[in-house]
Amino acid sequence: MIDDGDGRLDDGDDALARRRGRDSLARRRLAVVVALVAALALVAVCCARWMPGVYTWATDPAAVRAFVSEHALLSRLAVGGVNALQIALAFLPGEPVELASGYAFGFLEGTLVCMVASAVASSAIFWAVRRWGWSLVGLFFDRSHLERFGWLADARRLEVVMLVVFLIPGTPKDFLTYFAGLTTMRFSAVLAIATLGRIPSIVTSTVAASALGSGQYGVAAASVAVAVGLAAAGGVLYRRFESRVRG
């Protein structure tokens, strides 16, 4: 069963209360949008100022890995922190961060950094949604997103079904992390699913980027091809799985 923060998806309040709630949510969404636009503008200015030099440095794998060796803790915290932030801001794509992690740290360590970041972000999202419910989720998603996956909450074995959906490439895993907090799922199950379910996506990204950084262009190209194939197959598989569970 899904909880939107007060125990019900439609609470039956009078029209005035609902209108005030929608207005309040709209104001908070606007504040989030303004903050994000300001942050993106700052990033754009920084990119215009320093991107040519950063690009030259970043295209030299030896220089990148020498830097992360000299700044071992800081570099890993920085990449992990950006990855966790990307998961929290679920509308941002995660692949660029995963690719950067594999490129900078190699396959094994890059994968580990992404997995730890996923665990930290998923834990924070779960408990924040349990605390603030739909008032938090509504800042990032319309109720239509929730309704789209409402069938998950009615599944007999919710945790198993959620794991399958997470393992299918191409599904919106970051949104599902928020969604899980609105259900009756246990924290331990959500943490395991949200972390382990990202492994296929993380591995294909870190393998490709690590191979690129090592000059193994054939392996990098093959990894990208596998990722694209998995995403395409995942879309088909998800639609079939959804129709089967609904039925």
Side-chain angles (χ1 to χ4, degrees), residues 2-3 5 32 68 71-134 136-137 139-141 145-146 149 152-153 155 157-210 223 227 230-231 234 238:
I2 300 176
D3 179 4
V32 171
V68 299
H71 305 83
L73 180 61
L74 180 61
S75 61
R76 286 154 181 79
L77 287 176
V79 173
V82 171
N83 197 354
L85 180 63
Q86 174 274 316
I87 294 171
L89 300 176
F91 48 85
L92 296 178
E95 286 76 10
V97 185
E98 295 167 0
L99 288 168
S101 186
Y103 187 75
F105 308 123
F107 163 57
L108 288 176
E109 193 169 1
T111 298
L112 180 61
V113 169
C114 291
M115 295 286 287
V116 171
S118 174
V120 171
S122 298
S123 300
I125 290 169
F126 178 87
W127 290 116
V129 172
R130 281 289 166 91
R131 170 62 179 83
W132 288 291
W134 180 252
L136 172 65
V137 179
L139 293 176
F140 303 103
F141 307 102
H145 289 89
L146 186 64
F149 290 92
L152 278 171
R157 303 178 67 184
L158 175 59
E159 294 170 357
V160 175
V161 173
M162 184 74 81
L163 176 60
V164 173
V165 173
F166 256 87
L167 287 171
I168 296 174
T171 55
K173 297 174 179 59
D174 297 336
F175 165 71
L176 290 172
T177 304
Y178 280 88
F179 176 88
L182 295 173
T183 71
T184 56
M185 291 178 67
R186 296 169 295 125
F187 169 68
S188 57
V190 172
L191 180 60
I193 291 169
T195 303
L196 300 178
R198 286 188 171 91
I199 288 178
S201 172
I202 292 173
V203 166
T204 53
S205 296
T206 53
V207 165
S210 178
S223 300
L230 286 174
Y238 172 74

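Note that this is a predicted model, so its numbers are computed, not measured.
Leu136 contributes atom CG, which lies 13.0 Å from atom CZ of Arg130 (distance to the nearest 0.5 angstrom). The distance from atom CZ of Phe187 to atom CH2 of Trp127, rounded to the nearest 0.5 Å, is 6.5 Å. In this structure, the separation between CG on Leu176 and CG on Leu163 is 11.5 Å, given to the nearest 0.5 Å. Atom CD1 in Ile202 sits 11.5 Å away from atom CG in Leu99 (nearest 0.5 Å). In this structure, CE on Met115 lies 9.5 Å from CZ on Arg198, to the nearest 0.5 angstrom. With rounding to the nearest 0.5 Å, the separation of CZ in Phe107 from OG in Ser101 is 11.0 Å.
Contact of the Leu182 side chain with the Trp134 side chain is registered, since non-hydrogen atoms from C-beta on lie closer than 4.5 Å. For the pair Val68/Phe105, a side-chain contact is recorded, criterion being any heavy-atom separation below 4.5 Å from C-beta on.
Here the closest heavy-atom approach between residue Thr195 and residue Ser118 is recorded as CA-OG, 3.8 Å.
Within the structure, the side-chain hydrogen bond (donor to acceptor under 3.5 Å, both in side chains) test picks out the following pairs touching residues 73-95 (sequence neighbours left out): Arg76-Glu109, Gln86-Asp174. Annotation: side-chain hydrogen bond (donor to acceptor under 3.5 Å, both in side chains) contacts involving residues 201-210, sequence neighbours excluded, comprise Glu98-Ser201, Glu98-Ser205, Thr111-Thr206.
Considering only residues two or more places apart in sequence or on other chains, Ser223 meets the side-chain hydrogen bond (donor to acceptor under 3.5 Å, both in side chains) condition with none of them. For Arg186, the side-chain hydrogen bond (donor to acceptor under 3.5 Å, both in side chains) partners at least two apart in sequence or on another chain are Glu159, Ser188. Residues passing the ring pair (Phe, Tyr, Trp, His ring centres under 6.0 Å) test with Phe166, sequence neighbours excluded: none. Remark: Ala124 pairs with no residue by the side chain to side chain contact (heavy atoms under 4.5 Å, CB included) rule, at least two apart or across chains.
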Let's go through Cys114 and Val97 carefully: what are the C-alpha distance in whole Å and the side-chain angles of both, what is the deciding distance for side-chain contact (heavy atoms from CB on, under 4.5 Å) to 0.1 Å, and is it a yes or a no? CA-CA 8 Å; Cys114 291; Val97 185; 5.7 Å; no
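Counting only distance, with no hydrogens or angles, the side chain of Ser122 and the backbone of Ala119 share no donor-acceptor pair below 3.5 Å.
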